[in-house]
Colleague: 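Below is a structure I'd like to ask you about.
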Amino acid sequence: MRALKEGLKFHANAIKSGFTPTIFAANQLIHLYSKQGFVREACKLFDEMPERNVYTWNAIINVHIKCQNFTAAQFLFDSAPCKDSVTYNSLISGYANSDGHENMALKLFVQMQYESESVKVDEFTLTTLLNLVAKLRALCYGRQLHSYMVKTNNDSSGFAVTSLIDMYSKSGCYNDVWSVFNGSGDRGVTDVVVKNAILAACCREGELELAQEIFSTQLELNDNVSWNTMISGYVQNGRVEESIQLFRCMAEEGFNWDNHTFATVLSACSTLKNLKLGKKIHVRVLKEGMLASPFIASGIVDVYCKCGNMGYAESVHKTVGTRNSFSITSMIVGYSTSGSMREARRLFDSLAEKNIVVWTAMFSGYVKSQQYKNVFHLFREFQNKEKTVADALIVVSLLCACATQASIDLAIKLFEEMKQTGLQPDAVTFVAILSACRHCGLVEEGEMYFSSMMEDYAITPETDHYACMLDLYGRSNQLKKAVAFFEKMPIEPDTIILGTFMNACKMNRNLELARMAENKLLEIEGNNGERYVQLANVYASEGKWDEMRRVMKRMRGKAVKKVTGRSWVNVGNSVHVFKSGDRSHSEAEAIYFTLGCLIQELCGVLAFDDLI
DNA sequence: GTAGGGTTAG
C-alpha cells in the first residue's frame with residue numbers, strides 16, 4: 001500500500017510538473033497499478049507513453065491477463081512491435097490456467113517455435129506446458145515434452161522435476177513418477193517442493209503409508225504445504241478421522257493453519273457430519289477474515305448442508321456464497337436431500353451452467369419427494385440443455401419414476417426423442433432400451449430395436465443384448481421364439497445367457513429344456529453355488545421335489561460353497577444389508593421385535609400355512 | 001534495475 005501511495009504521488013507530481021516519467025518508471029507504475037487491480041489507470045498510463053519497450057508491452061499484456069480479459073490481451077499481443085520469451089510465456093500461462101482457453105495456449109506454443117531467435121522455448125514454457133497437459137490428461141504430449149526437456153537439458157531443475165512428477169502423477173503413471181524422482185538425485189531431501197510433489201503423488205496412488213514415511217524423514221524440511229498435502233491425502237483416501245488428528249498435530253508442531261488447511265478440514269467435517277468442529281472452524285475463519293475465500297465459504301456452507309442445518313447454510317450462503325457455484329451446488333444437494341424441492345429448484349434455476357452433480361441431486365430429490373412428473377419434466381430439460389448423455393444415476397432416477405408410474409413405455413419415447421436430437425445411441429443405450437421392452441412385454445418393439453441396432457447402427461450384439469431378448473420372449477410366454485433365438489445365436493452361450501434361458505424355460509414350464517440348459521451351465525460353471533440354487537428353484541417352483549433334491553445333491557457332491565442370498569433395504573440415506581437369520585445389525589433387537597409384530601398382524605389375515 | 005514458471009484446497 002505504501003508503494004502504491006508513493007507511486008501515485010510520483011505519478012501526480014509527474015503530471016503536475018509536466019515531465020514524462022522514464023520508460024523504466026512508467027513500467028514500474030503499470031505493474032503497481034496492475035497489482036492493485038487499477039486496470040483503467042494502467043491502461044491510461046500505457047496509452048500516454050510516448051515510447052515503449054518490450055517490458056512495457058509485457059506489463060500491459062499481463063494487466064489484461066490478470067483480469068482474464070483475453071480479447072484485450074490477445075489484441076495487444078498481436079500489436080506488440082517487439083516480443084520476447086516472456087511475452088509468449090505470459091500469454092501461454094494465462095490461457096493454460098483459464099478454463100476454456102487451453103487450445104489457445106497450445107496454438108501459441110506452436111507459433112512460438114516459428115518466432116525469431118530472440119524468442120526461445122525455455123524452462124518456463126516447458127513447465128507451463130507440463131501443467132497444461134496434466135490438466136488436459138494429454139499424456140502423449142507430456143511424454144514428448146519430457147523427451148524434449150531431456151534433449152535440451154531442461155529436465156533437472158527443481159521446477160522441472162516437480163512439474164514432471166506432477167504431470168505423471170496426474171496422468172496416472174506412478175512408475176514414471178518414481179523414475180523421475182529417483183533420477184533427480186537428492187532433490188527429494190533438499191527441495192521441499194519436490195518432496196511435496198512426491199507426497200501428493202503417493203496420496204493420489206493411495207500409498208498413504210509410504211507418504212507418511214517420506215513425510216517423517218527429513219522432518220525439518222516440511223512446510224505448510226507438506227502438512228496440508230498429508231491432511232488432504234488422508235481425506236482423499238477415506239481416513240478422515242486420521243486427517244483430523246494430523247490437523248491437530250500440525251498446530252502442536254508449530255505450523256500455522258492456513259486457508260488450504262481449513263478448506264480440507266471442512267471437507268472432512270462434511271464427510272463425518274462433524275458439526276461441532278465445523279462450527280469451531282467457522283468461528284476461526286471469521287476471526288481471521290478468511291471467509292472471502294470461495295473455497296472456505298463453500299466448505300462452510302457444505303458442512304451445514306451435510307449436517308442438515310439448512311438455516312445456517314442459507315445464511316452463510318447469502319452472505320458470501322451467492323456467486324460461488326460450489327456453494328450453490330452444496331445448497332441444492334442439501335435442499336434436495338431434505339426434500340425441500342421448491343428451494344432446490346429456485347437455486348437450480350439461478351445457475352447459468354449446471355454440472356452433473358446438481359442435475360443428479362435434482363433428479364434424486366424429485367424421486368425422494370415422489371414428484372415423478374417433475375422427474376420427466378427435468379429429463380426433457382436435461383435433454384434440451386445438455387449435450388451429454390444421462391449418466392447412470394440419472395437413469396436410475398428415471399427408471400424409478402417410470403416403475404412407480406407404471407409407464408415404462410415412456411423410457412422408449414424418450415429414446416425416440418434422443419434419436420431426433422441427433423444423439424447417437426451406443427451399445428449401452430440399446431441394453432437400456434431392450435430392458436425397457438422386456439419389462440413391459442413389448443416383443444415387437446424389442447425385435448425391431450434389436451435388428452435396428454445391428455442394421456442401422458452397426459452395433460454387434462453382446463451378451464447383455466442376447467440375454468435381454470431371451471428374457472423378453474420368456475416373460476411374454478413365447479418360449480418357441482426364445483428357443484429359435486437361442487439356437488440362432490452366433491456366439492457361444494455363457495452363464496448369463498444360459499441362466500436367462502433357463503429362467504425363460506422355468507417361466508414357461510418347460511423343464512426338459514431347463515435341464516438341457518442346466519447341464520450346459522454346470523459344465524461351464526460347476527463351482528458356482530448360486531447356479532445350483534437357481535436350478536433348484538426352477539424345479540421347486542414346479543413342485544418337482546425329487547429334481548430339486550437331485551440338484552442340491554449334485555452341488556454338495558461338488559463341495560461348492562453356496563453364496564448366502566441377501567436382501568437390502570434403503571432407509572433414509574443408508575443401505576442396510578441382511579441375510580437369513582442375520583443378527584449382526586446394530587439395531588437387530590428392535591428390527592426383530594418389529595418383525596414379530598408384523599408377523600402377528602399378518603397371522604390375523606393369512607392362514608398359518610401361508611407363512612411357512 | 002522491470003516480467004514469466006512449480007507443490008497443497010472446494
Side-chain angles (χ1 to χ4, degrees), chain A residues 22-32 34-35 53-63 65-66 83-94 96-97 119 121-132 134 154 157-167 169-170 187 191-201 203-204 211 215 222-233 235-236 243 247 250 255 257-271 290 293-303 305 321 324-330 355 357:
Chain A
T22 59
I23 300 184
F24 173 76
N27 290 347
Q28 293 274 48
L29 269 173
I30 293 178
H31 282 300
L32 201 58
S34 168
K35 243 187 191 170
N53 62 15
V54 69
Y55 292 101
T56 324
W57 286 95
N58 291 344
I60 196 68
I61 289 169
N62 272 303
V63 168
I65 292 172
K66 206 184 155 207
K83 295 186 187 83
D84 64 5
S85 301
V86 179
T87 329
Y88 270 90
N89 290 338
S90 304
L91 196 52
I92 289 177
S93 154
N97 293 316
V119 180
V121 170
D122 61 13
E123 202 190 84
F124 292 96
T125 329
L126 292 164
T127 47
T128 308
L129 260 289
L130 280 179
N131 264 334
L132 180 61
N154 269 316
S157 79
F159 286 111
V161 171
T162 309
S163 304
L164 282 167
I165 289 176
D166 194 50
M167 184 276 292
S169 162
K170 285 178 180 161
R187 284 206 184 275
D191 185 330
V192 68
V193 187
V194 172
K195 179 175 178 177
N196 293 339
I198 202 82
L199 284 179
C203 292
R204 249 178 232 122
F215 178 79
N222 291 341
D223 63 3
N224 263 36
V225 178
S226 325
W227 282 90
N228 289 340
T229 307
M230 290 306 297
I231 294 171
S232 156
V235 178
Q236 282 164 31
S243 81
F247 162 72
M250 179 177 176
F255 288 87
W257 293 324
D258 60 17
N259 52 345
H260 292 282
T261 328
F262 288 127
T264 310
V265 177
L266 282 169
S267 81
C269 292
S270 291
T271 310
M290 283 179 178
S293 151
F295 299 112
I296 301 278
S298 62
I300 289 175
V301 170
D302 195 51
V303 171
C305 287
N324 180 326
S325 68
F326 292 102
S327 175
I328 301 176
T329 301
S330 297
N355 60 33
V357 177

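Quick note on labels: first sequence line is chain A, next is B, and so on, each numbered from 1. As the structure is a prediction and not an experimental result, all values here were calculated from the model.
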Colleague: Does A:Val193 have any side-chain contact (heavy atoms from CB on, under 4.5 Å) partners at least two apart in sequence or in another chain, and if so, which?
Modeller: A:Thr162, A:Asp191

Colleague: Can you check the A:Ile165 CD1 to B:dG5 P distance for me, whole Å?
Modeller: 20 Å

Colleague: Using whole Å, what does the distance between atom C1' of nucleotide B:dT7 and atom CZ of A:Arg187 come to?
Modeller: 15 Å

Colleague: Let's see if you can work this out: which of B:dG10, B:dA9, B:dT7 has an atom nearest to the side-chain heavy atoms of A:Val225?
Modeller: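 The nucleotide sitting nearest to the side chain is B:dT7.
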
Colleague: We want to know whether A:Thr127 and A:Glu123 form a side-chain donor-acceptor pair, criterion being a heavy-atom distance below 3.5 angstrom.
Modeller: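 Checked: A:Thr127/A:Glu123 side chains show no N/O donor-acceptor pair below 3.5 Å.
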
Colleague: Choosing from B:dG4, B:dG6, B:dT8, which nucleotide comes nearest the side chain of A:Ser85?
Modeller: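 Of B:dG4, B:dG6, B:dT8, B:dG4 is nearest to the side chain of A:Ser85.
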
Colleague: Name the closest nucleotide to the A:Phe159 side chain, picking from B:dT2, B:dA9, B:dG6.
Modeller: B:dG6

Colleague: Look at the side chain of A:Asp122 and the base of B:dG4, then say whether one donor and one acceptor between them are separated by less than 3.5 Å.
Modeller: yes

Colleague: Separation of A:Leu126 atom CG from B:dG5 atom P, in whole Å?
Modeller: 14 Å

Colleague: Measure from the side-chain heavy atoms of A:Pro294 and tell me the nearest of B:dT7, B:dG5, B:dG10.
Modeller: B:dG10

Colleague: How would you label the contact of A:Asn27 with the nucleic acid (heavy atoms, under 4.0 Å): base, sugar-phosphate, or nothing?
Modeller: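 Base, at least one base atom sits under 4.0 Å.
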
Colleague: Please state how far atom CG in A:Leu164 lies from atom C1' in B:dT7, giving the value in whole angstrom units.
Modeller: 14 Å

Colleague: Can you tell me which nucleotide in B:dT2, B:dG5, B:dA9 comes closest to the side chain of A:Gln28?
Modeller: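 Taking heavy atoms from C-beta onward, the closest nucleotide is B:dT2.
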
Colleague: Which of the following nucleotides, B:dA9, B:dT8, B:dG10, is nearest to the side chain of A:Thr264?
Modeller: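 Nearest to the side chain of A:Thr264 among the choices is B:dA9.
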
Colleague: Here's a test for you: under side-chain hydrogen bond (donor to acceptor under 3.5 Å, both in side chains), which of A:Asp84, A:Asn58, A:Asp122 qualifies with A:Asn89?
Modeller: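 Among the candidates, only A:Asp122 passes.
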
Colleague: With heavy atoms under 4.0 Å as the rule, sort A:Asp302 into base, sugar-phosphate or nothing.
Modeller: nothing

Colleague: If you measure only the distance, is there a donor-acceptor pair under 3.5 Å linking the side chains of A:Asn27 and A:Asn53?
Modeller: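 Yes, A:Asn53 and A:Asn27 have a side-chain donor paired with an acceptor closer than 3.5 Å.
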
Colleague: Can you sort out the partners of A:Ser226 under side-chain contact (heavy atoms from CB on, under 4.5 Å), two or more places apart, ordered by chain and number?
Modeller: A:Val192, A:Asn196, A:Leu199, A:Phe215, A:Asn222, A:Asp223

Colleague: Starting at CG of A:Leu130 and ending at P of B:dG5, how long is that distance when rounded to a whole Å?
Modeller: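 Checked: the CG to P distance equals 15 Å.
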
Colleague: Kindly confirm whether the side-chain ring of A:Phe124 is stacked on the base of B:dG4, judged by centres under 5.5 Å and planes under 30°.
Modeller: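 Yes, aromatic ring over the base.
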
Colleague: NA contact type, A:Asp191, heavy-atom cut-off 4.0 Å: base, sugar-phosphate, or nothing?
Modeller: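 Base: the residue A:Asp191, judged by heavy atoms under 4.0 Å, touches a nucleobase.
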
Colleague: Of the nucleotides B:dT8, B:dG4, B:dG5, which has the atom closest to the A:Asn89 side chain?
Modeller: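 So the side chain of A:Asn89 is nearest to B:dG4.
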
Colleague: I need the NE2-C1' distance between A:His260 and B:dG6, as an integer number of Å.
Modeller: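 Rounding to the nearest Å, NE2 of A:His260 and C1' of B:dG6 are 14 Å apart.
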
Colleague: For the side chain of A:Asn62, counting heavy atoms from C-beta on, which of B:dG4, B:dT2, B:dG5 is nearest?
Modeller: B:dG4

Colleague: Return the value, rounded to whole Å, for the distance between atom CZ of A:Phe262 and atom P of B:dG10.
Modeller: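 Rounded to whole Å, this separation is 15 Å.
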
Colleague: Could you work out which one of B:dG1, B:dG4, B:dG10 sits closest to the side chain of A:Phe24?
Modeller: B:dG1

Colleague: Please tell me if A:Asn131 has a side-chain N or O lying less than 4.0 Å from either OP1 or OP2 of B:dG5.
Modeller: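 No.
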
Colleague: Look at the side-chain N and O atoms of A:Arg204 and state whether any lies under 4.0 Å from the OP1 or OP2 oxygen of B:dT8.
Modeller: yes

Colleague: Give a yes/no on whether any side-chain N or O of A:Ser232 is located under 4.0 angstrom from OP1 or OP2 of B:dA9.
Modeller: yes

Colleague: Can you tell me how far C1' of B:dG4 sits from OH of A:Tyr55, to the nearest Å?
Modeller: 11 Å

Colleague: Determine the minimum heavy-atom distance between A:Met290 and A:Asn259, stating which atoms define it.
Modeller: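 Of all heavy-atom pairs spanning A:Met290 and A:Asn259, the closest is CE-N, 3.7 Å.
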
Colleague: According to a strict under-4.0 Å criterion, is A:Gln236 in side-chain N/O contact with OP1 or OP2 of B:dT8?
Modeller: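 For A:Gln236, the contact criterion (side-chain N or O under 4.0 Å from OP1 or OP2 of B:dT8) is not met.
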
